[in-house]
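Report on one structure; see the data block that follows.
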Amino acid sequence: MLSVKSLMTAVAVTALLMPASSYAGGTVEVLHWWTSGGEAKAVGTLKEAFEKKGGTWIDSPIAGGGGDAAMTALRARVMAGNPPAAVQLKGPGIQEWADQGSLNDVEDVAKAENWDSVLPPSLASIMKYKDKYVAAPVNIHRVDWMWVNPTVLAKVGAEVPTTWEEFNAVADKLKAAGITPLAHGGQPWQDATVFETIVLSQGADFYRKALVELDQDALSGETMVKVFDQLRKLRGYVDPGFSGRDWNLATAMVMNGEAAFQIMGDWAKGEFLAAGKVPGKDFLCAPTPGNGYIFNADSFAFFKVSGEDQVEGQKVLASLIMSPEFQETFNLAKGSIPARTDVGLDKFDSCALKSHEDLTASVKNNAFVPSMAHEMAIPRTVRGEFLDVVTNFFNSDMSSADAAKALGEAVKRAQ
Ligand code: GAL
């Protein structure tokens, strides 16, 4: 499981002047799932920078938010003995692939550029296998956000809610006025994203017990029943067309004033920005109720490929991903904040600054927790059980008590 305590020391890291990278050229095939407007813009900055270094970029995008389709494609490629050189991969998934002997390390790049001194230790440890870097992080996304259309909210004279009770009251008003309160895409990972923000509202300790330590009492007890009660409430606030909708189309509903809220990580901000919308004016960002921070860090892992050209390409890409300039450019487009602790935030907007501020506070308060829905907390197989139960609940009239019981049983089976 992830140690987040060590992050506390991260803030003490001093800025280092980076030597200009000595790596150039090579070829990489890059498998990723960044296909929405904001995502494509962000990954485009990486492609462009790589090509500027003289490299050849072979793009392998697999559509499907949250990356479930991409992970299926990856398994097929590895089984066929033909893995892509670089893969968008994260959390325990990195360790799982490394354990199977599928990853190359980029330790010589990491040592030469002193990655250890510029990454939060808990993030660095996710990127390493047996003390060697096998992946490079691009960002830190925050999951527990609400994206709000202020004009729509003003129509019913409402403020941005800070508790679920307030949220429900505002949503009832919107519904009465014929406005869809919550834009949502009914896909398992999106249901799980909303679910985990409600879990966090019950406290970071409860979140950790249930979604990281997989404690049976937390999974099937009274507090979890309350979590499902609130999820049932939210189910009543989505429009009839929610089923199967892509997350970025739900973001567009908030953008166009068809709905008031979306609960989604800050990749949603990338969509607003790509459409030329201004935070604080055209849209608002506010943490979902509760105190804490659910983190989701994207990274690229380097698969075992042969041939000098590809291995060189992996090194060039690793060096580029970790360069301060790239971390700034990419994250300005992606909606996240840099993974490096020494990149200034002067060019970042109020949502990013709020994310950074809350991250620092949550580390201090031990309320900085990894995302279950986004594969930062637990193995994929166990995550799959969560997604099944949560989605079944969302799409049926299952009682909250039955859902909590089913969750405990499903997780036990998967362990
Ligand atoms: C997350 C990923 C984000 C974003 C999102 C929607 O899992 O970490 O970068 O792309 O999926 O596709």
Side-chain angles (χ1 to χ4, degrees), residues 65-66 68 143-149 152-153 156 158 160-202 207 210-211 219-220 222-254 258-265 268 286 288-290 294 371-374 383-408 410:
D68 290 305
V143 177
D144 50 312
W145 278 123
M146 290 185 290
W147 303 94
V148 190
N149 184 315
V152 173
L153 219 51
V156 293
V160 176
T162 58
T163 63
W164 287 119
E165 292 70 31
E166 283 175 19
F167 184 96
N168 297 342
V170 173
D172 286 337
K173 267 191 178 176
L174 288 160
K175 222 174 148 175
I179 301 166
T180 300
L182 184 63
H184 181 65
Q187 296 173 345
W189 73 271
Q190 294 187 61
D191 299 338
T193 298
V194 172
F195 165 79
E196 73 182 14
T197 69
I198 309 174
V199 173
L200 181 67
S201 70
Q202 301 304 310
Y207 182 103
L211 303 191
L219 287 169
S220 48
E222 270 311 300
T223 308
M224 191 57 84
V225 174
K226 267 172 65 185
V227 168
F228 280 109
D229 282 345
Q230 179 56 31
L231 190 60
R232 177 62 71 219
K233 275 278 194 195
L234 295 185
R235 171 67 184 81
Y237 298 139
V238 306
D239 70 309
F242 79 99
S243 190
R245 176 187 289 137
D246 286 330
W247 67 272
N248 52 318
L249 299 182
T251 309
M253 288 172 68
V254 176
E258 283 168 55
F261 298 97
Q262 181 185 22
I263 294 170
M264 188 49 65
T288 51
I294 304 176
S371 168
M372 175 279 292
H374 296 277
R383 168 190 175 264
E385 299 290 346
F386 274 97
L387 265 58
D388 281 353
V389 173
V390 170
T391 291
N392 283 342
F393 174 81
F394 205 78
N395 291 291
S396 69
D397 56 4
M398 190 190 291
S399 74
S400 298
D402 284 351
K405 189 161 168 267
L407 196 56

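Small disclaimer: the values here were computed from a predicted structure and weren't measured.
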Checklist line | Nearest-0.5 Å distance, CG of residue Asp402 to CG of residue Asp397 | finding: 10.0 Å

Notebook entry, point to check: Which heavy atom in Asp144 sits nearest to a heavy atom in Ile294, and how many Å separate them?
Noted result: OD1-N, 2.9 Å

Check: Can you check whether Phe394 reaches Pro188 side chain to side chain, under 4.5 Å on heavy atoms?
Finding: no

Notebook entry, point to check: Would a distance-only check, ignoring hydrogens and angles, find a side-chain to backbone donor-acceptor pair under 3.5 Å from Arg232 to Ser399?
Noted result: no

Next item on the list: Go through the steps for Tyr237 and Asn168 under the test side chain to side chain contact (heavy atoms under 4.5 Å, CB included), then give the verdict.
Entry: CA-CA 9 Å; Tyr237 298 139; Asn168 297 342; 3.6 Å; yes

Check: Within a strict 4.5 Å, meaning less than it, do heavy atoms of the Trp145 and Thr193 side chains meet?
Finding: no

Check: Closest approach of Ala268 and Gln262, non-hydrogen atoms and distance?
Finding: CB-OE1, 4.1 Å

Next item on the list: Determine whether the side chains of Gln187 and Asp246 contain a donor N or O and an acceptor N or O closer than 3.5 Å.
Entry: yes

Margin query: Rounded at 0.5 Å granularity, tell me how far CG in Leu182 sits from NZ in Lys175.
Written below: 11.0 Å

Next item on the list: List the steps and the verdict of side chain to side chain contact (heavy atoms under 4.5 Å, CB included) for Arg235 and Val194.
Entry: CA-CA 10 Å; Arg235 171 67 184 81; Val194 172; over 6 Å; no

Check: Mind checking whether Thr180 and Glu258 have side chains closer than 4.5 Å, heavy atoms only?
Finding: no

Next item on the list: Compare every heavy atom of Phe261 with every heavy atom of Leu174, then report the nearest pair and how far apart it is.
Entry: CD1-CE1, 3.9 Å

Check: Side chains of Met264 and Gln190: does their closest heavy-atom pair fall under 4.5 Å?
Finding: yes

Note to self: Ignoring hydrogens, what is the shortest heavy-atom contact between Met372 and Glu196? Give both atom names and the distance.
What the structure shows: N-OE1, 2.8 Å

Next item on the list: Identify the heavy atoms of Ala192 and Leu387 that sit nearest to each other, and give their distance.
Entry: CB-CD1, 3.5 Å

Checklist line | Contact summary for Ala410 and Glu385, nearest pair of heavy atoms | finding: CB-OE1, 3.5 Å

Item checked: Separation between NZ of Lys405 and CE of Met224, rounded to the nearest 0.5 Å -> 15.5 Å

Item checked: Non-hydrogen side-chain atoms of Leu211 and Phe195 separated by less than 4.5 Å -> yes

Check: Among Tyr207, Trp164, Phe167, which residue meets the side-chain contact (heavy atoms from CB on, under 4.5 Å) test with Ser201?
Finding: Trp164

Notebook entry, point to check: Quick one: CG on Asp388 to CZ on Phe386, what's the gap to the nearest 0.5 Å?
Noted result: 11.5 Å

Checklist line | Heavy-atom side-chain proximity of Asp191 to His184 below 4.5 angstrom | finding: yes

Checklist line | Side chains of Leu234 and Ile198 in contact at under 4.5 Å (non-hydrogen atoms) | finding: yes

Note to self: Do Leu231 and Phe228 make a side-chain contact, defined as non-hydrogen atoms from C-beta onward lying under 4.5 Å apart?
What the structure shows: yes

